[in-house]
Amino acid sequence: MLTPVPFTKVKFTDSFWAPRIRTNRAVTLPIEYKICEETGRLGAFDWRKGQPHEPHWFWDSDAAKWIEAASYALADERDPQVEAQIDAYAASLIRNQLPDGYANSRFINVEPGAQWANLRDAHEMYCAGHMIEAAVAYFEATGKRELLDAMCRYADHMIATFGPNPGQKRGYCGHQEIELALIKLYRATGQRKYLDLAAFFINERGQGTSLLHPDKPGAYEHFYDLEARARNADPRDYWAKNYEYLQAHKPVREQTEVVGHAVRAMYMLCAMADLSAELKDDTLLHACEALWTHLTTRRMYVTGGIGSGGANEGFTADYDLPDDTAYCETCAAVGLVFWAHRMLQLTGQSKYADVMERALYNGALAGISLDGAAFFYANPLSSAGNVLRQAWWDCACCPPNIARLIASVSGYQYSSSGDGIWAHLYAQGEAEMRVGQTPVRVSQTTNYPWDGAIALRLSLEKPATFAVHLRIPDWCDGFRISINQKPIANTQLQDGYLVLSRLWADGDTIELELNMPAQYVYANPNVRQALGQVALQRGPLMYCVEQADNGAQLDRIILPSVPDGFAAAHEPGLLGGVTVLRGDAIALDESSWGGALYRHAAPSASAKQITAVPYYAWANRAPGEMRVWLRAQP
Ligand code: ZN
């Protein structure tokens with residue numbers, strides 16, 4: 001078991017993440033506050049009938065995720081103005097909280113009496129979960145506990161309402177989130193009852209038999225069927241047609257395939273991993289491992305984006321990974337980062353860090369513009385030029401989700417364990433951690449992700465024996481390692497980590513150099529949408545070609561059979577400073593074609609130099625075509 005080094009103990013000083021963290025604080029969070037205020041989200045608890053901006057089911061979660069993200073920024077540096085904004089919202093919530101602790105703006109103000117009547121659709125506990133995460137983050141950043149206390153009262157109300165005892169509901173939320181939040185509340189307060197409620201929700205999920213599958217016998221009826229009938233609705237009259245959409249089609253330990261809505265799946269899996277750690281429950285870990293294997297070998301994009309289909313905002317079929325219609329919700333990639341991070345702490349296996357890095361640098365980061373002011377909801381892998389980021393979305397889950405990830409991104413870099421320290425991600429900065437009682441400071445110097453040279457200097461009060469675990473990424477085909485400039489020859493990896501165990505002294509410096517050539521990525525031949533095509537990767541970054549650099553009709557480009565001709569060049573003035581890949585290709589053309597639709601002679605082709613830019617940076621210039629997968633000579 002690893003313990004993450006919290007983001008408050010890791011300060012990035014690099015040219016990649018540090019500017020993004022500053023932009024997040026200076027641009028993104030103020031924009032999100034302003035829109036949440038203008039749209040009525042921040043006034044939702046004080047809304048009264050007849051006023052504009054009727055609170056929607058999701059709204060409390062949008063406000064909450066902004067508070068959580070802003071709190072991470074406050075943990076870095078306090079800001080009285082932001083704290084006054086959060087305090088005002090908390091006061092509004094507390095003023096309107098019901099005497100029994102219930103706190104949802106929609107069901108207090110718009111639909112009183114309908115509380116907890118439709119757990120399948122109404123998102124009440126989803127909102128509660130985000131508000132709990134916000135309250136914990138704000139308390140940890142500022143020490144102010146009013147919002148935390150209010151959320152404890154709300155959680156206590158849920159403990160009274162939900163459970164196996166007579167008079168309680170054996171229900172659970174249609175949109176998972178409350179489970180992982182209750183575990184955070186348990187960790188923040190030490191109150192075991194919150195962990196127990198999280199376990200109840202996870203254990204109860206998918207029990208019984210659905211009326212939607214009336215032939216299957218079950219121990220008792222599916223909760224969502226029961227509650228539908230209780231509100232005089234036909235359980236079969238459900239747009240999603242089945243409970244796979246919300247991962248309630250079978251008990252969680254029996255689930256072996258990732259299905260349904262991708263964000264719900266990720267939040268559920270986060271809670272399952274957390275519960276496995278807290279309760280030492282290997283059955284949950286094994287379920288997570290099976291679902292991980294299914295996801296990462298059959299249903300994940302090369303960007304770490306997940307969820308191919310827009311209809312269910314989620315998973316479709318094995319190997320169904322179309323590029324132009326890829327849904328790949330930003331929240332789903334963020335959720336994959338969260339889950340991968342938890343699996344990494346449980347196992348110490350680098351395969352989880354590899355996917356965490358892939359989703360972080362590509363699928364998630366593309367969700368926000370370079371200026372921090374516009375957002376993608378869906379993240380396709382090719383575009384005809386009509387896909388643009390927007391300033392906001394009515395269903396605004398994604399903008400504050402990427403904001404909370406960026407505000408806390410340094411927390412994904414290191415862990416500690418009983419025997420040493422672990423570096424999962426590489427970025428220049430300073431970190432403080434402990435091995436047992438021994439404080440260790442790590443200064444990392446690198447230009448990652450643009451360069452594979454990494455130096456870690458250890459600061460110790462006195463010499464100490466421990467292990468330094470360095471992740472060797474899955475994309476890296478060769479590396480060199482030295483300690484105090486003496487090369488190390490024995491470089492056996494353990495679960496993807498290079499383990500350096502010795503007596504360390506103050507000032508010891510480890511130098512790691514990762515090969516970082518331009519590489520082709522090929523898809524499994526079952527991915528028919530990528531057949532005959534390759535994607536360009538360098539280091540952790542996936543690349544794409546854009547019309548801005550290459551002209552239109554990108555689908556006519558054919559790359560050479562090997563990527564050796566691609567050269568990396570850093571362009572400080574381009575897209576906030578990126579390393580581009582340039583190489584020679586050919587492009588089919590129409591010059592000798594004529595007007596026929598079909599003919600027996602192949603079209604002519606001409607030489608074309610192409611320039612690829614990191615995928616996360618696409619759509620930051622004039623609208624135009626984009627492609628990740630490109631045709632290649634076999
Ligand atoms: Zn979203």
Side-chain angles (χ1 to χ4, degrees), residues 24 28-29 31-32 35-36 39 41 56-70 121-123 125-131 133-134 173-178 180-181 240 245-247 258 260-271 295 299-301 303-316 325-340 359-360 362-369 372-381 387-409 616 619:
N24 196 47
T28 310
L29 290 171
I31 284 175
E32 292 182 352
I35 298 180
C36 281
T39 55
R41 284 167 167 82
H56 188 277
W57 281 350
F58 316 136
W59 275 14
D60 295 350
S61 72
D62 298 334
K65 265 189 288 186
W66 171 76
I67 292 172
E68 185 188 346
D121 303 329
H123 288 68
M125 283 193 253
Y126 168 77
C127 288
H130 278 304
M131 199 57 73
E133 286 199 89
C173 192
H175 195 316
Q176 301 92 319
E177 155 65 23
I178 186 68
L180 74 87
Y245 170 67
L246 26 67
Q247 295 86 33
V258 287
H261 188 276
V263 179
R264 296 175 201 233
M266 291 303 107
Y267 290 178
M268 176 179 83
L269 289 160
C270 286
L295 173 68
R299 295 193 174 186
M300 183 180 75
Y301 282 90
T303 56
I306 54 172
S308 309
N312 65 345
E313 298 191 307
F315 301 104
T316 54
T325 59
Y327 197 67
C328 290
E329 181 177 341
T330 302
C331 285
V334 171
L336 179 55
V337 173
F338 293 162
W339 181 36
L360 174 64
N362 302 287
L365 195 53
I368 187 166
S369 61
F375 310 93
F376 275 139
Y377 196 109
N379 292 273
L381 280 74
V387 181
L388 304 173
R389 289 186 187 83
Q390 297 184 22
W392 193 247
W393 301 81
D394 286 340
C395 179
C397 50
C398 298
N401 222 348
I402 189 68
R404 66 177 177 154
L405 177 61
I406 290 174
S408 58
V409 68
Y616 75 77

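Remember, it's 1-based here, ligands and their atoms both numbered in the order they're listed.
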Can I get a per-line list of side-chain donor-acceptor pairs under 3.5 Å for residues 327-335, giving both atom names and the distance, sequence neighbours left out?
unit_1, atom_1, unit_2, atom_2, d
Tyr327, OH, Glu313, OE2, 2.6
Thr330, OG1, Phe376, O, 2.7
Thr330, OG1, Asn379, ND2, 2.8

Does Glu177 have any salt bridge (charged side-chain N to carboxylate O under 4.0 Å, His left out) partners at least two apart in sequence or in another chain, and if so, which?
->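 Testing Glu177 for salt bridge (charged side-chain N to carboxylate O under 4.0 Å, His left out), a comparison that skips the adjacent residues, returns none.
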
Could you pull out all residues at least two apart from Arg299 that satisfy salt bridge (charged side-chain N to carboxylate O under 4.0 Å, His left out)?
->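 Arg299 satisfies salt bridge (charged side-chain N to carboxylate O under 4.0 Å, His left out) with Asp318 once adjacent residues are dropped.
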
What protein N/O/S atoms sit under 2.8 Å from the Zn ion (ligand 1), by chain and number?
->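 The answer is Glu329 OE2, Cys331 SG, Cys397 SG, Cys398 SG.
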
Heavy-atom distance under 4.5 Å between the side chains of Phe338 and Leu405, does that happen here?
->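 Yes; the side chains approach each other to less than 4.5 Å.
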
Flag, side chain of Arg264 to backbone of Gln247, donor-acceptor distance under 3.5 Å |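 Not confirmed, Arg264 side chain does not pair with Gln247 backbone.
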
Mind checking whether Tyr267 and Tyr126 have parallel, tilted or perpendicular rings, split at 30° and 60°?
->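 Rings of Tyr267 and Tyr126: parallel, under 30°.
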
